[in-house]
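Single-structure report; data block below.
First the proteins, then the strands, lettered A, B, ... as listed; each starts at 1.
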Amino acid sequence: MEGSTMPARSIEQVRNLSKRRGFVFPGSAAYGGLGSFWDYGPLGAELLNNIKRAWWRDVVYRRDDVDGIDAAILMSRKVWQHSGHEATFSDPMVDCRNCRSRFRADHVASELDVARHAYVSSVEEMLHEVPNAIELEGRRLLTNRLLTAIQTNSIDALARIERARQRGDGFISVFGQLAALDPDVLESGRRYAEFIQDHFEVFRQAYFQLGLAVCPNCAARDWTLPRNFNLMFKTHVGPVEATDAEAELSARAYLRPETAQGIFMNFAHVQRSLARKVPFGIAQVGKAFRNEITPGNFIFRTREFEQMEIEFFIKPPQFVREGEKNDAQWHDEWINQRYEWWLGLGVDSARLRQREQAADELAHYSKRTVDLEYLFPEFGWGEVEGIANRTDYDLTAHSRDIPAEDLARLKLEPNTDSVEKFDYFDPDAKARYIPWVIEPSAGATRAMLAFLCEAYHEELTKDPPQPEIEAIKAEIPAVVKNAQKKQKDAEKETDPAQRKHDPAAIEAFCTALEEAASRLPQSLLEIDALLTEHPGAHNLEPVKKLQPKVNKLAEDCARVVLKLHPSLAPIKLAVFPLKKNKPELVDIARRIAQTYQPHFRTVYDDSAGIGRLYRRQDEIGTPWCVTVDFQTLEDNTVTVRERDSMQQQRINLEALRDYFFTRIHV
RNA sequence: GCGGGUGUAGCUCAGUGGUAGAGCAUCACGUUGCCAACGUGAUGGUCGUGGGUUCGAGUCCCAUCACCCGCUCCA
């Protein structure tokens with residue numbers, strides 16, 4: 001069935017398959033889960049390992065100028081102070097949703113603004129309304145709610161109360177409740193000031209949430225909440241929890257938000273212990289942790305994830321001689337090598353692009369960064385790797401005794417904590433310098449999602465029965481007619497906000513449906529997808545009738561297959577007996593499986609009919625299946641069935657070894 | 001956090017106040033000569049959680065929790 005294959009249309013499909021077949025499970029599921037943490041099951045662990053191994057082979061083994069390390073996840077707090085991670089994002093920031101500018105919250109709204117607003121607009125007005133408006137009991141009830149809201153920092157509750165106030169439910173006000181609680185507060189401006197000070201964060205959040213602040217850039221009032229951008233996970237070193245702030249600070253540690261700093265810490269160790277000469281690189285694979293504000297999209301963005309990073313140390317531009325690569329050239333080389341890696345593992349170039357980061361999105365340490373982006377289903381292009389030119393920023397930041405002009409150039413403060421200077425004596429240049437660094441940094445877990453999406457296909461495996469296809473063809477004009485009627489209805493409505501249906505969406509639906517119908521039966525899966533997933537399609541009466549029929553037929557005639565590159569496939573080989581109740585076949589099949597188990601992941605299965613066994617392996621991306629049948633008993637050959645083409649060929653048991661070892665690279 | 005949606009068997013879901021169901025999956029036995037076969041039987045759910053209304057709640061009300069989808073997060 002040429003042209004009858006469909007790639008993944010949604011992350012949901014991939015997520016379901018992952019859960020069903022043991023790639024990825026929700027973490028802490030027995031306790032209702034924990035926001036966006038995932039466990040990798042038997043197949044997921046294999047796949048992830050294979051991805052990391054493929055990466056390691058490509059960047060460490062294949063080259064002669066890169067070595068690997070495995071640094072500790074917990075590092076001195078000083079590391080994160082001097083790398084900039086602790087300070088950079090620790091201020092409360094707000095974003096204007098309208099013009100997308102970001103500001104420090106205290107630049108947009110001074111403490112005075114917030115306090116004044118709280119005082120003027122709420123207090124003064126409310127003072128007059130409260131005493132008369134509330135009965136004592138209601139007052140107490142609301143007061144308790146307010147106090148709870150403040151104690152738990154519940155902006156939502158405060159905002160609701162404030163909105164109610166604005167609607168004119170006069171007595172339900174933030175300060176009305178306060179007033180009800182404590183008459184003294186009403187009478188004492190000083191107590192007010194103290195109260196606002198004590199709960200300043202809550203007020204500030206409400207201030208932005210309620211749109212009281214005006215964007216300096218575009219004058220809009222549509223803000224995100226002020227957020228403390230410290231995205232590092234805090235923990236403490238030592239078995240005893242600190243009791244006071246000072247002890248907390250001295251014991252505090254962070255789970256690393258990136259693996260890169262562990263490499264920088266080991267620059268000199270690796271250079272000296274292996275007597276490496278610049279240029280050389282250090283690679284590392286490991287977990288990293290970020291308290292993301294918005295995790296989501298399955299394993300695309302999670303708070304615990306895995307990185308594959310290289311820091312490649314090179315000569316600073318001023319020491320580069322004629323004929324040597326400069327930083328820009330090294331950067332390009334790495335961009336190309338990394339791009340090719342993804343393509344080599346089966347990612348289609350139509351879905352992988354290099355994207356130049358704009359000047360205003362570059363990180364503070366970066367001279368130039370190119371992202372590799374994969375075109376995910378549903379949410380579109382998403383970064384899977386970033387290749388940055390980090391200059392000499394990092395090694396300088398962790399070094400003592402840096403000249404003032406370098407500090408100024410890199411906008412760094414002198415480092416009085418470090419006992420090290422991460423410089424390097426270059427015997428060729430006969431000079432001592434701090435190397436520059438090119439950093440290719442990929443997400444291993446994110447790569448897994450990309451590879452799964454890329455590999456996921458549904459395809460027709462047999463011709464659907466002709467009568468059923470004819471029946472579907474016959475019903476499609478009715479669907480189109482009905483849809484067009486809705487489209488006309490929608491177009492009559494001049495106010496777009498009042499429209500029940502989107503005319504453009506309906507038109508697109510009809511066009512796609514008619515086009516696909518002309519290609520039946522090949523297009524059966526496309527029609528199924530259109531009827532099932534096109535926005536609004538399920539509202540059409542004829543679709544309600546037709547969709548279940550199409551869906552059933554599609555499922556009967558299709559398979560799900562993961563077309564994973566053999567190097568990535570969790571299981572390389574599955575061995576079956578054609579009949580499980582014939583001991584002579586079972587014995588041979590088991591023996592074949594045992595032969596290859598030590599070399600690459602091989603499984604034996606006889607728990608279903610042969611067709612189902614093939615389907616199961618298709619679904620998890622096993623590239624080859626071997627079936628032992630009665631002919632095996634006669635001539636020592638088995639059937640080798642290839643996943644993507646479903647072609648099979650008979651191969652002698654003696655030749656099997658060569659067949660696999662030339663095709664599988666573990 | 002806001003808005004929208006969803007929570008019933010391992011999975012997909014049905015069940016609009018009256019004895020918790022179907023299909024798939026799983027397991028056992030039998031059958032089965034290559035692409036999701038069949039028969040018989042079995043396992044499996046305090047209907048997310050806690051209250052309330054009711055003679056009676058999966059169903060109605062309130063609360064709560066979790067997850068999913070949209071609002072810049074940079075692997």
Legend entry - The single option from A:R446, A:K287, A:K52 passing side-chain hydrogen bond (donor to acceptor under 3.5 Å, both in side chains) against A:E306: A:K52
Give the rounded distance in Å between these two atoms: [atom1] of [X] and [atom2] of [N].
X      : N      : atom1 : atom2 : result
A:R301 : B:rC69 : CZ    : P     : 12 Å
A:R338 : B:rA75 : CZ    : P     : 14 Å
A:E373 : B:rC74 : CD    : C1'   : 10 Å
A:E619 : B:rC35 : CD    : C1'   : 14 Å
A:M448 : B:rA75 : CE    : C1'   : 15 Å
A:I263 : B:rA75 : CD1   : P     : 13 Å
A:W341 : B:rA75 : CH2   : P     : 16 Å
A:D606 : B:rC27 : CG    : P     : 10 Å

Write down the distance separating the [atom1] atoms in [N] and [M], rounded off to the nearest Å.
N      : M      : atom1 : value
B:rU8  : B:rA22 : C1'   : 13 Å
B:rG4  : B:rA63 : P     : 14 Å
B:rU49 : B:rC11 : C1'   : 23 Å
B:rU59 : B:rG15 : C1'   : 9 Å
B:rC61 : B:rU16 : C1'   : 15 Å
B:rG45 : B:rA9  : C1'   : 5 Å
B:rG44 : B:rU31 : P     : 28 Å
B:rA20 : B:rG58 : P     : 8 Å

Using a heavy-atom cut-off of 4.0 Å across all strands, would you classify [X] as base, sugar-phosphate, or nothing?
X      : answer
A:A558 : base
A:F300 : base
A:Q357 : base
A:S366 : nothing
A:R643 : nothing

Inset, instruction - Return the 5'-most residue of the pair A:N16, A:Y365 with respect to RNA chain B, ranking by each residue's nearest nucleotide. - result: A:N16
Legend entry - Of A:F298 and A:A608, the one whose closest RNA chain B nucleotide lies more 5': A:A608
If pairing requires Watson-Crick or G-U wobble contacts with both distances under 3.5 Å, which nucleotide is the partner of [N]?
N      : result
B:rC11 : B:rG23
B:rA28 : B:rU40
B:rU49 : B:rA63
B:rC2  : B:rG70
B:rU16 : none

Inset, instruction - Indicate whether any N or O donor in one side chain lies under 3.5 Å from an N or O acceptor in the other, for A:T627 and A:Y614. - result: yes
Legend entry - Donor + acceptor pair across side chains of A:S83, A:R256 (<3.5 Å): no
Inset, instruction - Please check the phosphate of B:rA75 (OP1 and OP2 only) for any side-chain N or O of A:R290 closer than 4.0 Å. - result: yes
Legend entry - B:rU26 phosphate, OP1 or OP2, under 4.0 Å from A:R616 side-chain N/O: yes
Inset, instruction - Give a yes or no on whether the ring-centroid distance for A:F298 and A:F300 is below 6.0 angstrom. - result: no
Inset, instruction - Take A:H331 and A:K367, measure what side-chain contact (heavy atoms from CB on, under 4.5 Å) needs, and give me the verdict at the end. - result: CA-CA 11 Å; A:H331 195 190; A:K367 177 180 169 188; over 6 Å; no
Inset, instruction - Answer yes or no: side-chain N or O of A:R20 and base N or O of B:rC11 forming a donor-acceptor pair under 3.5 Å. - result: no
Legend entry - A:D618 with A:R615: basic N within carboxylate O range, under 4.0 Å: yes
Inset, instruction - Using a strict 4.0 Å threshold on nitrogen-to-oxygen distance, state whether A:R355 and A:E383 make a salt bridge. - result: no
Inset, instruction - Apply side-chain hydrogen bond (donor to acceptor under 3.5 Å, both in side chains) to A:E385 and A:W342, showing your working. - result: CA-CA 10 Å; A:E385 176 157 2; A:W342 290 88; 3.0 Å; yes
Inset, instruction - Check whether NZ of the Lys or CZ of the Arg A:R53 lies under 6.0 Å from the centre of the six-membered ring of A:W56 and within 45 degrees of that ring's axis. - result: no
Legend entry - salt bridge (charged side-chain N to carboxylate O under 4.0 Å, His left out): pairs with one or both residues in residues 619-630 of chain A, sequence neighbours excluded: A:R20-A:E619, A:R21-A:E619, A:D629-A:R650
Enumerate the protein-to-nucleotides 32-34 of chain B contacts in which both atoms are nitrogen or oxygen and the separation is below 3.5 Å.
residue	atom	partner	partner atom	Å
B:rU32	O4	A:N581	ND2	3.4
B:rG33	OP2	A:K579	NZ	2.4
B:rC34	O2	A:Y614	OH	2.6
B:rC34	O2	A:Q648	OE1	3.2
B:rC34	N4	A:D629	OD2	2.8
B:rC34	N4	A:T639	OG1	2.5

Inset, instruction - Would you mind telling me which of B:rC69, B:rA75, B:rA37 lies closest to the side-chain atoms of A:R612? - result: B:rA37
